[in-house]
Amino acid sequence: MSSSDTSAVPSRILVTSALPYANNNIHLGHLFEAVQTDVFVRYHRLRGRTVRYVCADDTHGTPIELAALRQKISPEQLVEQTQKEHMRDYAGFNISFDIFYTTNSEENRKYAELIYQKLKENDLIIEKEISQYYCEHDKRFLPDRFIIGKCPRCKAEKQYGDVCESCGATYDPTEMGEPKCIICNNAPVLKQSRHLYVQLKKCESFLREYINGTDALQEDIRNFVTSWIDDGLREWCISRDGPYFGFRIPGTENKFFYVWLDAPIGYISSTDRYCKDHGERVEDYWGSGSDTQIVHFIGKDIVYFHALFWPVMLKNANFNLPSKIFVHGFLNIEGEKMSKSRGTFILAKDYLEKVNHPQAPEFLRFYFASKQMPNTGDADLNKSELLTKTATTLANNIGNLHHRTFVFCDRYFEKKIPDAYWDESVATIVEEAGREIASYYEKCELKSVVEKIHALGSLGNKYYQDSAPWEQMKTDPQKAAVVMVTCVNLIKALAVFLKPITPEITGSIERQLGLILKWEDHTFSLKNKPLGVTDKIVKPFEEADLDQVFAAASQSKNQQENSGTSGLIDINHFKTVDLKIAVVKSAEKVEKSSKLLKLQVELGKETRQIIAGIAAHYKPEDIIGKQVVVVANLKPATLFGLTSEGMLLAAQNSGGELVLLHPAKPVTSGVKVG
RNA sequence: GGCAGCGUAGCUCAGUCGGUUAGAGCAGUGGAAUCAUAAUCCACGUGUCGGGGGUUCGAUUCCCUCCGCUGCUACCA
C-alpha cells in the first residue's frame, strides 16, 4: 500500500553526483556514490520521466596546479586527460551520465561571475586584509600547498603549509619553521593581501528556513547542519591570489575564485552545456520558477559546502534550490578505511582490469545497491560478502529460477511460453510488490529494493517447487503450462525491477523474451510466445576471480587479526615503546594552565623538554632531581605553544591522586627500561 | 577531557515517533526433491534489542548513568 507511486511527479528531475576532483583517479568510493545516483536515475528513466544526470570534473585549485607542474604539462592538459580517464572508468560500470563535463569551461566562468555579481549586489561580499607568504623570486603569493617547512608541532621536515602528514596537526603556514617556496626553494616573505569574503551570517534566517522548513536533508544531517548555524556562521573566503588555476574575479587585478566557489556551479554549467547540445533550455532546470526537482548525491564530507554555501549562492542569484540532497557515508574495504598505504585503496580501473569476470561491474553495482539506504553510516565492501551476496541472490535465486523455467519451456513446450493463463494469485502479489518497490526506489532505499526482489525470487522458486511441473507433465501437462507462464511472467517482472541496478542482466532476459522492458511491464502479460535462445543470465564469481584486487586488503586485515587476538601483544610489539630512565633537571608551571608543568629532563647525554599534566599533584620543587620513567619515542606534541618531547609514566591511586613512577634504586639516566 | 554518533541473532544489517510471540539475508543443523547454475524446497533461533537505574499499566523504543566503539576536538596519561 504505497502512496509514492501515485504522488505528484515533477515535470523534470535533475540529478547529480558530486564532481570528482581532477587530481585523482576514480576509486570504489566514487563508484559507491555513482551507482546509487545512477540507479536512481535509471529508475526514473524506466518510468518514462524526464530526468537528466549531470556530472563533471572539478578542475581548479592548487593541487591541480601542483600535479601539472610535477608532470611538466599545463593544468589544461592535465584536466583534459583526467576527464577522459574518469569518463572511461565510469563507463566501465555503466554509469549513464547525460553529460560529464568540466568546471574549466566558459559556461562555468559565466555562471561563477554571475553568481558572484549577485552576491555583491546583495551586499554579501566584504574585503579584508590578511598577511600571507609571498615569494619574491616567483612573484606570487604562496597558497598552503606551495609552502614546505617544519611542522610547528612535531618538527617533521618538508611538510605542507596546512597540515602535517607526519603527526596530523593542522596550522597556518605562518606558524611553520623554515618555510620555503616549493617552486624555487627560497624563503618567502610575509606580505599583506586583500581577500573577498561572503557574509553567510546575513543569510542565516534563509538557511534556517531552507534546512528546517524543507525535507531536502536527511534528519541527522539536518540536525548536524543546524548545530553549525547555531555555533555561528563565519565569513567564507572565496578569493585566492594569482597565479591560480581557475577564474579571475572580475574587477580585481589578480584574484581568482576559490575552487569551492566554482565547483558546485559546475552542476549548472554542465546542465547548460547539455541543454545547448540537445535543444533544451537551462532555465527550465535551474530557473527559480521551474518545477524541476534538483537532487544531489554527495558524501558526508562535503555537506558543509552543499547545505550552507551552495543554497546561499543559488538563492541570491535567483536559481532553483535543491529539493533533495542525499548524503551517504564512506566506503570501507574489509572493515578498514580506504588507504593507499594499507593497500585498501581500490581504483575503478583496477577492479575492471583485475577481476577476471565479465559480469564483475554488474555484480559490484548489485552489491552496492544491496547495502544502500539513505543514511550516513559507512558501508563495508567485503570480499566474501560480495561473493556470497551475488551468488545467492543473482545466481542461485533469480538465475536459477530463470534457467529452470526457460529450459523447461524449451524441452517440453517447443521453446515457447505455453498457451495458458497465469496464476492470478502470483500476478497480484507481484503487482503489489511493484508498488512497494517503486516507493523504495523513490526514497532511494535500494537495500529494501534488493530485499524485495530477493523475496520475489524465493516466492517463484517455492511456487515452482511446490507445483512440481516435472510431475505435472506426466499427469496433466496443462497444469505445468500454467506454472511456466506464471514463472516466465514473474521473471519478466524481476527483470523490470532489477533493470536500474543490473541493466545488463535485464538486457539478457530482454533478448530471450524478445522485448524491451518498461516499468509497466512488471505486470503479467505474456503467453503463447516463442522464446529466444536460452542463456544463463548469471555466472557467479569464483573466489579466485577476486583474489587479485583484494590481495592487499586481505593481507593487511590478516596482519591486524594476528596481532589483535584477545588483546595480547607479542614481545616485538612491546619493544616498539622506548621507555627510559630520566632525571628531572628543572620544572616550572606553565602559565595559564592548571594542569601542566614544563620540565627539562636529562636522558643520558640528551636533554629534553616534556610538558607533563601533573601540576595538580606535584609542585615543581618536589620533583627536581627525581628519577622518572619516560616514553622516549612518543610523537612530539605542542601544548600551550610548548613542544613536549616525551611522556612521564604515572599511575592514579584510588583518591584520584597522580603518582609518578620512580626506579626503586637510583640507576644511570638514559638507561632503557624493559 | 569536551561535543556528536553508534552499540539489535555467529556475520551484514532492517525496525521500533512506547503496546500483540523483535525481523531479513548469509552462515549452521536435519530432512525432501531431481525441472534447474552442487542450484531448489521444508523444518529448526530462551537474541537479557551493550550494563544498570528511572518515567509508565507497559520500554528494545523516552530520560539519566555507566561501559565499549567511531568521528571531530582538547591543557598528554
Side-chain angles (χ1 to χ4, degrees), chain A residues 168 170 219-221 223-224 227-228 231 300-301 329-330 332 335 337 367 370-373 375-382 384-412 440 445 447-448 450-455 457-474 480 483-484 487 534-540 589-598 610-617 631 634-652 658-661:
Chain A
T170 57
E219 202 181 322
D220 53 339
I221 296 289
N223 295 338
F224 194 42
S227 77
W228 284 339
D231 287 348
K300 61 185 177 185
D301 53 330
F330 300 135
N332 295 330
K337 240 186 251 191
Y367 178 70
S370 79
K371 312 198 82 167
Q372 282 169 332
M373 290 294 272
N375 63 37
T376 51
D378 295 345
D380 188 45
L381 167 61
N382 169 285
S384 67
E385 201 190 25
L386 172 62
L387 207 81
T388 57
K389 210 155 206 162
T390 50
T392 54
T393 303
L394 291 178
N396 302 352
N397 185 336
I398 295 164
N400 188 46
L401 176 64
H402 157 266
H403 194 246
R404 71 201 298 203
T405 301
F406 278 45
V407 166
F408 202 97
C409 290
D410 286 350
R411 190 191 302 175
Y412 295 105
Y440 292 145
E445 294 177 9
K447 177 187 163 73
S448 303
V450 169
E451 277 175 5
K452 194 70 201 176
I453 290 171
H454 183 101
S458 297
L459 177 93
N461 276 310
K462 177 177 165 53
Y463 172 75
Y464 197 115
Q465 194 78 16
D466 291 349
S467 307
W470 58 92
E471 290 294 334
Q472 293 171 326
M473 276 317 287
K474 298 172 194 161
V483 173
M484 287 308 121
C487 286
T534 299
D535 206 2
K536 288 181 183 174
I537 57 172
V538 175
K539 173 177 162 281
K589 285 213 67 166
V590 174
E591 248 185 90
K592 289 187 206 155
S593 159
S594 55
K595 286 166 68 179
L596 297 182
L597 289 185
K598 184 170 88 173
I610 291 181
I611 309 301
I614 55 173
H617 306 278
V631 181
L634 196 67
K635 234 189 255 175
T638 304
L639 305 161
F640 277 58
L642 302 165
T643 306
S644 177
E645 302 165 308
M647 177 178 116
L648 303 191
L649 292 192
Q652 207 165 35
L658 217 47
V659 181
L660 282 174
L661 264 51

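Labels below follow one simple rule: chain letters A, B, ... track the order of the sequence lines, proteins then strands, and each chain is numbered from 1. Computed from heavy atoms alone, side chains included, the values below leave out hydrogens, waters and symmetry copies.
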> In whole Å, measure the gap between the C1' atoms of G19(B) and U61(B) for me.
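Their C1' atoms lie roughly 11 Å apart.
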> Between Tyr464(A) and Phe408(A), how do the two ring planes meet: parallel, tilted or perpendicular, split at 30° and 60°?
perpendicular
> Please state the P separation for the pair G52(B) and U8(B) - nearest whole angstrom.
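These two P atoms come out 16 Å apart once rounded.
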> Just compare C26(B), C41(B), U12(B) and give me whichever is closest to any side-chain atom of Lys462(A).
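From the listed options, C41(B) comes nearest.
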> Looking at C41(B), C35(B), U37(B), which one has an atom nearest to any side-chain atom of Tyr412(A)?
C35(B)
> Let's test this: given Watson-Crick or G-U wobble pairing with both distances under 3.5 Å, identify the partner of C3(B).
G71(B)
> Taking any heavy-atom pair under 4.0 Å as a contact, classify Ser448(A): base, sugar-phosphate, or nothing.
nothing
> Is the aromatic ring of Phe408(A) within stacking range of C35(B), meaning centres under 5.5 angstrom and planes under 30 degrees?
no
> If you measure from the C1' atom in A27(B) to the same atom in C44(B), how many Å do you get, rounded?
14 Å
> Choosing from G15(B), C13(B), U12(B), which nucleotide comes nearest the side chain of Lys447(A)?
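Closest nucleotide among those given: C13(B).
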> Considering only atom P, compute the distance from U55(B) to C63(B) and round it to an integer number of Å.
16 Å
> Using only heavy-atom distances, decide whether a donor-acceptor pair under 3.5 angstrom links the side-chain of Tyr464(A) to the base of C35(B).
yes
> If you check the Asn375(A) side chain, which of A33(B), A14(B), U37(B) turns out closest?
A14(B)
> Using atom C1' of each nucleotide, how far apart are A4(B) and A22(B) to the nearest Å?
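Their C1' atoms lie roughly 28 Å apart.
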> Using purine N1 to pyrimidine N3 plus N6-O4 or O6-N4 for Watson-Crick, or N1-O2 and O6-N3 for G-U wobble, both under 3.5 Å, which nucleotide pairs with G10(B)?
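Partner of G10(B): C26(B).
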> Using heavy-atom distances to pick each residue's nearest nucleotide on RNA chain B, tell me which of Asn396(A) and Pro469(A) is more 5'.
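Residue closer to the 5' terminus by nearest nucleotide: Pro469(A).
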> Just to be sure I understand the rule, does Val450(A) reach a base, reach only the sugar-phosphate, or reach nothing, if contact means heavy atoms closer than 4.0 Å?
nothing
> Under 4.0 Å between any heavy atoms, over every strand shown, what does Lys371(A) touch: base, sugar-phosphate, or nothing? Just pick one.
sugar-phosphate
> Could you please name the option among U40(B), A14(B), C26(B) that lies closest to any side-chain atom of Thr392(A)?
C26(B)
> Of the options U37(B), A33(B), G25(B), whose atoms approach the side-chain atoms of His454(A) most closely?
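The nucleotide sitting nearest to the side chain is G25(B).
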> Looking at every heavy atom in both Leu381(A) and Leu386(A), which two are closest together, and how far apart are they?
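Reported closest heavy-atom pair: CD1-CD2, 4.4 Å.
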> Using only side-chain N and O atoms of Arg411(A), determine if any of them is under 4.0 Å from OP1 or OP2 of A36(B).
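The answer is yes; a side-chain N or O of Arg411(A) sits under 4.0 Å from OP1 or OP2.
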> For atom P, what is the distance between C17(B) and G54(B), given to the nearest Å?
24 Å
> What distance separates Asn397(A) CG from Ile453(A) CD1, expressed to the nearest 0.5 Å?
10.5 Å
